[in-house]
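For ligands, and for the atoms within them, numbers begin at 1 and follow the listed sequence. Only a predicted model underlies this, so the values are computations on that prediction, with no experimental measurement involved. Both backbone and side-chain heavy atoms feed into the values below; hydrogens, waters and symmetry mates do not.
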Amino acid sequence: MTDRASTGAARARRYEDILVVTIDHPPVNALSAAVRADLAAAVRDAQADPQVRAIVLAGAGRNFIAGADIREFGKPPQPPALPDVCNQIEASAKPVVAVLHGAALGGGLEVALAAHYRIALPGARLGLPEVTLGLLPGAGGTQRAPRLMGAPAALDLMLSGKHLSADEALKAGLVDALAGESDALDAGLAYARQLLAMRAGPRRTRDAGAALADRPAALAAVDAAADRVAKTARGLFSPARIVEAVRAAIELPFDEGLRAERALFLQCLDSPQRAGLVHAFFAERETSKIPGLEQARPRRVERVGIVGGGTMGAGIAVSVLDAGLPVVMVEQDDAALERGRARVAQVYDLLAGKGRISADERAARLARFTGATGYDALADADLIVEAVYEDMDAKLAVFAQLDRVAKPGAVLATNTSYLDVDRIAAATRGPADVLGLHFFSPANVMKLLEVVVGSHTAPDTAATGFEFARRLRKIPVRAGVCDGFIGNRILATYRQAADMMMEDGASPYDIDAAVRAFGYPMGPYQMMDLAGGDIGWATRKRRAPTRDPALRYVQIADRLCERGWFGQKTGRGYYLYPDGARQGQPDPEVLAIVDAERARAGVSPRAFTQEEIQRRYLAAMINEAANVLREGVALRPSDIDVVAVSGYGFPRHRGGPLHYADSVGLPGILADLREYAKEDPAFWSPSPLLVELADAGRDFASLNRAA
Ligand code: CAA
């Protein structure tokens with residue numbers, strides 16, 4: 001064994017006649033300019049070194065290579081370009097083996113595809129997830145993957161962004177062998193020795209043709225994918241380009257295909273969607289970095305209590321059971337507890353029925369569930385989530401009980417959407433142990449978790465909330481106490497803007513269509529029908545006594561609720577759902593009610609273009625988001641973006657409302673708000689923060705950097 005010059009980001013070391021190039025660039029071995037340069041230099045030098053007969057590419061730490069360095073996107077490109085490095089690897093006159101462990105994603109997998117042989121360790125995850133960042137595999141992946149796995153599987157991999165396990169990758173033809181060894185270096189050396197013993201030479205993916213031999217079938221798969229993308233990719237830019245790049249892989253010679261891929265990649269790189277999706281990627285990873293909590297140690301959570309077995313309580317229970325923790329659910333009587341237990345079992349029955357979990361997993365998760373009708377069962381819980389209905393008195397009564405039974409140091413969480421966490425905490429002797437954990441429905445599916453930190457919440461209580469979210473595989477966002485926290489408070493404002501437009505002349509169907517055209521999966525009225533109009537009605541009634549009479553109040557929703565039209569569950573709401581249909585139909589009676597309300601309010605209806613609907617909806621959202629930020633309810637603009645994207649359907653490719661605001665320019669948003677404020681100054685008054693930023697020529701991103 002001889003050392004070669006250690007080159008930092010990728011170091012080369014010779015083991016007899018095999019050169020091992022180890023990419024060592026924490027945290028995930030992303031292909032930064034330094035890594036690319038070192039990798040290229042090591043492979044180049046190896047060609048001239050008579051002592052080297054084979055090259056092994058491996059990753060240090062937990063991953064092979066997680067992909068291109070996403071932080072470099074949007075900055076001036078630095079040589080060597082990754083496609084050139086990949087081509088150089090493929091051109092090597094000596095066999096190159098890539099040994100894959102942990103993440104081999106994006107550009108990382110492309111490096112491996114350019115190598116001549118690939119082996120994967122157990123636990124490796126292979127994928128081309130560029131589509132999730134608004135990109136396509138731009139270092140030969142669209143040309144090489146189809147040559148190894150065929151067009152349909154390659155298209156599926158690239159259009160879904162999914163990860164394959166080592167086994168799946170072997171079956172798909174992406175890797176040649178699975179390593180029995182758990183050490184990448186040992187596995188790579190053993191495989192390379194085997195190849196040398198067999199006198200195996202370079203085997204270039206560019207020359208592999210069998211998987212694309214049936215050209216008409218491959219082109220038919222491309223056409224089918226193009227159709228699918230046109231129907232399902234709702235305005236996304238990169239999926240159609242991925243399909244075109246794969247078409248080029250079939251129709252063009254390899255080098256021309258690479259050039260076509262490059263041109264399509266650069267289009268994606270320049271697109272605002274790429275910027276929005278990359279923003280969303282980093283924003284999600286930023287949310288748990290909380291100034292002041294760096295030193296706080298989360299408390300140990302081994303047993304979880306849940307009070308309430310309704311939809312939320314059961315969903316939270318499933319989420320906790322999925323994370324491998326035991327759950328004790330407390331309900332007020334046997335019948336309610338049985339319903340709670342049945343809800344939990346129903347989720348697992350569904351998952352098992354769809355083959356998502358095995359019968360054994362279903363049984364193991366349910367075995368961690370116990371139920372009780374008395375609070376004493378919560379005496380050894382480390383964290384208790386109260387998930388009873390949204391009523392202050394009900395919650396105060398629960399917390400009085402929790403205060404009695406919880407062990408010292410247990411964290412007490414309220415799953416409230418709107419209510420004052422400080423008041424709830426005050427019902428206990430230990431408000432420092434209390435926080436809000438606002439789950440979103442269905443709680444076992446939705447990624448977002450607002451961690452509401454009250455004025456007395458201790459740092460280690462808050463840290464426990466974040467750690468708990470991590471174990472539940474949720475995205476935690478810190479929120480301060482206010483009515484609705486981050487998400488529901490902003491939602492209330494843009495819904496109000498929608499209601500005002502409805503009363504002023506836009507139909508609910510026009511508004512839903514405009515919001516969908518912006519990229520939301522559904523509009524606000526479809527959403528209300530899905531969630532159930534009664535929930536919002538109860539909140540409006542609760543707020544009625546404190547409502548500012550100077551603010552405009554649109555009563556259309558109340559008229560529907562008074563008729564018992566709560567949406568899908570009652571067969572009608574803003575839409576009609578005949579025979580339990582999930583897709584609603586416009587309802588002429590709703591339009592008549594809207595007309596009557598306009599007349600009652602003395603409004604002469606006017607026309608709204610789709611663009612105006614979108615501008616008003618977003619201006620209201622951005623303005624309230626600025627207020628939420630200014631008041632410290634949210635810590636940083638990107639946290640608000642995460643809430644909107646992961647909890648409220650804001651189109652991810654637009655990054656979130658504040659990234660979107662930056663991309664269109666704050667002066668334009670401010671001008672809209674000032675224009676609208678002429679008709680209703682109370683509602684449209686611009687947030688002082690927005691004014692301050694626009695006047696100073698700054699954007700919201702500058703506050704992210706400062707946070
Ligand atoms: N570039 C730069 N930084 C990256 C990165 C990348 N490709 N991938 C992850 N990171 C950073 C994260 O931002 C995070 O940084 P902080 O600690 O400062 O927040 C850190 O690495 C750890 O990441 P995670 O918190 O996500 O760690 P994890 O263990 O939960 O997950 C992972 C690891 C599966 C690799 C995940 O980070 C991931 O999916 N990364 C992105 C993979 C990807 O999309 N690759 C394709 C890139 S595009 C491309 O390659 C284009 C091309 O064709 C050339």
Side-chain angles (χ1 to χ4, degrees), residues 9 23 25-36 39 59 61-75 77-78 80-87 89 100-114 123-145 154 157-158 160-165 238 241-242 245 258 261-271 273-275 277-290 294 447 466 469-471 473-476 636 638-639 642 652 704-705 707:
I23 293 93
H25 181 50
V28 293
N29 296 337
L31 290 155
S32 65
V35 172
R36 298 195 301 272
L39 191 53
R62 289 178 26 226
N63 302 295
F64 175 63
I65 300 170
D69 189 337
I70 304 173
R71 291 184 201 277
E72 287 182 358
F73 294 158
K75 298 185 184 153
Q78 284 188 56
L82 188 59
D84 296 338
V85 178
C86 289
N87 291 342
I89 291 170
L100 312 180
H101 81 293
L105 299 174
L109 183 56
E110 292 179 291
V111 166
L113 297 180
R125 287 187 290 161
L126 288 76
L128 294 169
E130 285 84 348
V131 69
T132 61
L133 299 171
L135 287 168
L136 52 81
T142 63
Q143 308 302 298
R144 292 190 178 97
L157 189 69
M158 290 187 264
S160 69
K162 70 183 181 189
H163 298 176
L164 300 181
S165 67
S238 75
R241 278 146 192 90
I242 290 174
L258 276 186
E261 175 195 87
R262 192 74 198 150
L264 292 162
F265 177 80
L266 292 176
Q267 285 176 21
C268 293
L269 192 64
D270 282 344
S271 77
Q273 295 194 359
R274 191 276 304 156
L277 288 164
V278 167
H279 170 79
F281 176 88
F282 285 120
E284 282 174 357
R285 283 159 178 78
E286 212 50 33
T287 60
S288 36
K289 296 171 191 161
I290 309 294
E294 298 91 344
K447 288 269 173 238
F466 278 89
R470 194 191 60 74
R471 284 174 82 177
R473 295 167 169 266
K474 305 262 178 233
I475 307 171
R636 47 174 90 85
S638 63
D639 281 5
V642 171
R652 189 178 172 88
N704 282 329
R705 288 188 287 274

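- The side chain to side chain donor-acceptor pair (under 3.5 Å) check on Asp69 picks up nothing, with sequence neighbours excluded.
- Residues meeting the ring-ring contact (aromatic ring centres under 6.0 Å, His included) test with His101, sequence neighbours left out: none.
- Applying the side chain to side chain contact (heavy atoms under 4.5 Å, CB included) rule to Ala263 yields no partners; only residues at least two apart in sequence or on another chain are considered.
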Just list the N/O pairs, ligand 1 to protein, that are under 3.5 Å apart, with the distance for each.
unit_1	atom_1	unit_2	atom_2	d
ligand 1	1 (N)	Ala68	O	3.4
ligand 1	1 (N)	Ile70	N	2.9
ligand 1	7 (N)	Ala68	O	2.8
ligand 1	13 (O)	Arg71	NH2	3.4
ligand 1	18 (O)	Lys289	NZ	3.4
ligand 1	19 (O)	Lys289	NZ	2.7
ligand 1	26 (O)	Arg285	NE	2.7
ligand 1	26 (O)	Arg285	NH2	3.2
ligand 1	29 (O)	Arg62	NH2	3.3
ligand 1	45 (N)	Ala66	O	2.8
ligand 1	50 (O)	Ala68	N	2.9
ligand 1	50 (O)	Gly107	N	2.7
ligand 1	53 (O)	Glu110	OE1	2.8
ligand 1	53 (O)	Glu130	OE2	3.0
ligand 1	53 (O)	Gly138	N	2.9

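- Between Glu286 and Lys289, at least one side-chain nitrogen of the basic residue sits less than 4.0 Å from a carboxylate oxygen of the acidic one, meeting the salt-bridge criterion.
- Here CG of Leu100 is found 11.0 Å from CG of Asn63. Values are rounded to the nearest 0.5 Å.
- Ion pair Arg652/Glu284 flagged as a salt bridge, since at least one NZ, NE, NH1 or NH2 atom sits closer than 4.0 Å to an Asp/Glu carboxylate oxygen.
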